[in-house]
Each structure stands twice: as structure tokens, then as C-alpha cells.
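Proteins come first, then strands; the chains are lettered A, B, ... in the order of their sequence lines, and each starts at number 1.
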Amino acid sequence: MNEIIYNIVVWMDGFEWSTSLHESYYMYNWIESTHVLTLMVSLGMLFMIDLRMLGAAFPNVPATTLAHRLNLPMWIGFSAMIITGVLLVYAIPVRTSQSLWFRFKMVLLVCAAVNAYLLHKRMSESGASWENDAKAPKKIRISAALSLGFWTLIVISGRFIAYDWFDCEYGQSAVISFVAGCVDGQTQW
Amino acid sequence: MPTSILGPYTRTITAVVLVVFTVVFFYTVRVSVRASIEPLFDWMTASWFGIIGTTWGAAFAIVEALHLIGLALIGGTVIASDGRLLGLVLADQEPGVVVQKTYRIFNWALILTLSTGVFMACGVAGKIYFLKVFWYKMLALSAGMLFEYGIRRPLLEKDLEDITPWVIKLTATASIMVWFTVGALGRWIGYSG
């Protein structure tokens, strides 16, 4: 599996646009800045919704109304974040795909997505009886707390990608090499 | 009947004067002032925060991430409240209620961002002292805080129906712009030096 991923990212790395993007000081940095700044939109909105469910924000604004109204800006932010994130991977495909933290971040993103689906499912199943309560029902509060936890870890692991502690280039232990996806005899980093 | 010399706009005018003064000060006497505060940056480098930040990369990275969480919370409160004032989000909710409810989260987010920012600054004090973009960020941050606590909040404490709509929209737009500028300049510190 790691070899397949390695071959795909080496193929991506061969594109001239990938190299140009990586080597462009302003373009790369603007894309990365946009990726970070969209946190203020997407994560900001998500935190407001989660904090409302936990009873820590907007206690007198109906919970599902708040969630529905903030969904649009949140998804606009997430869309920009996904586009810039894909471009960042495309600019440095080999190193990023073999980053332990990038892989951890991807797993956490899947967990956060499943949790978000469950949160919305529980919200629609629970009806509107609690809508004006300061706190949401227990199951929804658990999902909101998990969402805050997952996204905090996603931001931390995203930040860690910039550090080279576990890069394949430096020779890692067998376990780290496997998890990071290092390939024996690889020639590109 | 207001007793202040500048009438009901005393705080607003004072805050505007302070913002203008900060900008003028920054562009005129910054060189001599910057030289005089260099020992502060040396002290920051030698402090516990500075030592931890420079020797333990993981601690620095975690604090960086918490700094981003604080920034995200600021972004969330700004978009929710200023977005409401502009009529873009939560349009069916009372604007005064939405704005008031974001104050406490904004305060905590600012405390988180400032405290993690101080730690990070200690870890790279020797570098940021020489970076123009760092000083631009400090200027934007000062302007943002003066604007928030000196202009925006006092203004929005009044009955919103008594305020001209374009003043509200201008305030909301300025608020969004200043905090996103702070975020962008902060990110650009990482690319400089």
C-alpha cells in the first residue's frame, strides 16, 4: 500500500506545476496563508455551533437555528480550506504523503467527518423540544465535545507537518517507517 | 445630558486619536524606540518561555496550534457578530443579542491568543525583533484591540435602532478586516526572516 501511494505521489511530483507551485515564494505562501486563515471562518463557525450545543455560547439563540444559519459560512470556509489543502499537498506531494502527522491528520479528519454526520443525525432525530434549552441533550453534547477535541488535534497535527522529526529522509525505526509510509530504496523525498 | 467635553462620542474619539497616534508614532519615531526596547527582546530570549520555546520544538508547535485555535475562535465570534450586523448570517436573530453573546468568547479567545503569542514571541524574540512584518502585526493588533474595546463595543452598547445603518455596517466591515489582517500578518511572520 505504501509503495502504491509513493508511486502516485512521485508521479504527481513530476508535474511542472507542482514544482512551480513549491518554488513560488508568494504563491505558495499565499495558499498556505489562505489555508490557515480559512480556519477563522470554518473552524470559527464550527466552534460557535459546538459551544452552543455545550451551553457555552448563545444560550438564548435556538440551537438548531444557529447550526443551520452558520452552516453556509462554515462550508464556504471548509471548501476554501480543502482546495488550498489539496494545492499544498500537490506542491510537496512526496514529503507530505510520508509525513506521520499528515497521515494522523487525515485519520482525524475522517473521525471528525463521521462525528459531524452523527451530530447532525442526532439533532434531526431529537426533534425541536430542546431547541431553546441552554444545553443540548447529552448525546449531542458528547458529539460537540468530540468535535472540539478532534479539531484541536487536527490543528495541532497540521502544525506538526512543518516539523521534520519523523521524515523518512532521516532514517526512522521500523514502526515509524511503516506508519509514515517510507519505502525501501526510495529516491525522492 | 453628557458632562464630557466631547459629548457622547468621547470614547470613540479618544480611541480614534489613539489609533492615529499609534500609526503616526510607528512611522515616525519607530527606529529610536525600537533600539531602546532591544534589551526587552534579549530578556524575552533568556526567559523560561524563551528557553522552552527554543529548546523544545514540540512545546513551541503545540503552543502555535493553540494560538491558531484562539485565532479561529476570534474569527468565529467576528463572523457571527459582524456578519449579523451586515445581515449576512443569523439574519432572523436580534442583532443586539448575537453581538452581546459573542463578547465573552471573544475576550477568552483574545486572552488565549495573546498568552500563546507572548510564549511564541519569547521563543523567537531574536528573530522577530528585526522583522518589519512582526511590527506591522503588533500595530494591527493594537489597532484591533483599541477598535474593539474603544469604538465597537461602546457604539454597539447603544440601541442599534438609534445608530445610522451605514455606521453599523462600516463598523462591522472594519472589525472583520482588522482581525483578518492580524491573522494574515501573523502567518506571514513565519515566512519572513
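Residue B:F60 places its CZ atom among more than 12 non-hydrogen atoms of other residues, nucleotides or ligands, all under 6.0 Å distant. Within a 6.0 Å radius of OH in B:Y149, other residues, nucleotides and ligands contribute more than 12 heavy atoms. Counting non-hydrogen atoms of other residues, nucleotides and ligands closer than 6.0 Å to CE of A:M27 gives a total of 12 or fewer. Atom CH2 of A:W165 has more than 12 neighbouring heavy atoms from other residues, nucleotides or ligands inside a 6.0 Å radius. Counting non-hydrogen atoms of other residues, nucleotides and ligands closer than 6.0 Å to OH of B:Y103 gives a total above 12. Annotation: A:E3, atom CD; neighbour count of heavy atoms from other residues, nucleotides and ligands within 6.0 Å does not exceed 12. Other residues, nucleotides and ligands place more than 12 heavy atoms under 6.0 Å from the CD atom of A:E125. For A:W130, the CH2 atom sits in a packed shell: over 12 heavy atoms of surrounding residues, nucleotides or ligands are nearer than 6.0 Å.
Looking at B:A58, the atoms closer than 4.5 Å to chain A (heavy atoms on both sides) sit in the backbone and in the side chain alike. If you measure heavy-atom distances from B:I105 to chain A, the contacts under 4.5 Å come from the side chain alone. For chain B, the nearby part of A:V36 is the side chain; its heavy atoms alone come within less than 4.5 Å. For B:V78, no part lies under 4.5 angstrom from a heavy atom of chain A. For A:L51, the part lying near chain B is the side chain, with the backbone staying farther off; criterion is any non-hydrogen pair under 4.5 Å. Both the backbone and the side chain of A:M45 come within contact range of chain B, each with at least one heavy atom under 4.5 Å from a heavy atom of that chain. Of the two parts of A:L70, only the side chain, counted from C-beta on, holds a non-hydrogen atom closer than 4.5 Å to a non-hydrogen atom of chain B.
Considering every non-hydrogen atom in both B:K101 and A:P59, the closest pair reads CD-CD, 4.1 Å. The two residues A:S33 and B:R187 come nearest to each other via the heavy atoms OG-CG, 3.6 Å. Across all non-hydrogen atoms, the minimal contact from A:L37 to B:G183 is CD2-C, 3.7 Å.
Distance alone, capped at 3.5 Å, is enough to place a donor-acceptor pair between the B:R104 side chain and the A:A56 backbone.
Cluster membership check: A:Y28 does not share its hydrophobic cluster with A:V89, using side-chain heavy-atom separations under 4.5 Å among Ile, Leu, Val, Met, Phe, Trp and Tyr. In the hydrophobic clustering of this structure, A:L119 groups with A:L153; members are Ile, Leu, Val, Met, Phe, Trp, Tyr whose side-chain heavy atoms approach within less than 4.5 Å, directly or through other members. Cluster membership for A:I82 and A:L108, using ILVMFWY side-chain heavy atoms within less than 4.5 angstrom, is not shared. Both B:V99 and B:I163 belong to a common hydrophobic cluster when Ile, Leu, Val, Met, Phe, Trp and Tyr are linked at side-chain heavy-atom distances under 4.5 angstrom.
Counting heavy atoms from C-beta on, the side chains of A:F58 and B:Q93 never come closer than 4.5 Å. In this structure, A:M40 and B:L73 have side chains that are not in contact, with every pair of non-hydrogen atoms separated by 4.5 Å or more. Within the 4.5 Å cutoff, no side-chain heavy atoms of B:L71 are placed close to those of A:L39. Put simply, the side chain of A:R69 reaches to within 4.5 Å of the side chain of B:D92, judged on heavy atoms.
Of the listed residues (B:I69, B:L88, B:I74, B:V89), the one with the most heavy-atom contacts under 4.5 Å to chain A is B:I69.
Interatomic distance, B:L90 CG to A:T65 OG1, rounded to the nearest 0.5 Å: 9.0 Å. Here the CG-OG1 distance, from B:L68 to A:T152, works out to 11.0 Å after rounding to the nearest 0.5 Å. Annotation: the span from B:Y191 atom OH to A:W30 atom CH2 amounts to 9.5 Å, rounded to 0.5 Å.
Under the 30°/60° scheme for interplanar angles, the aromatic rings of A:Y25 and B:W188 are found to stand perpendicular.
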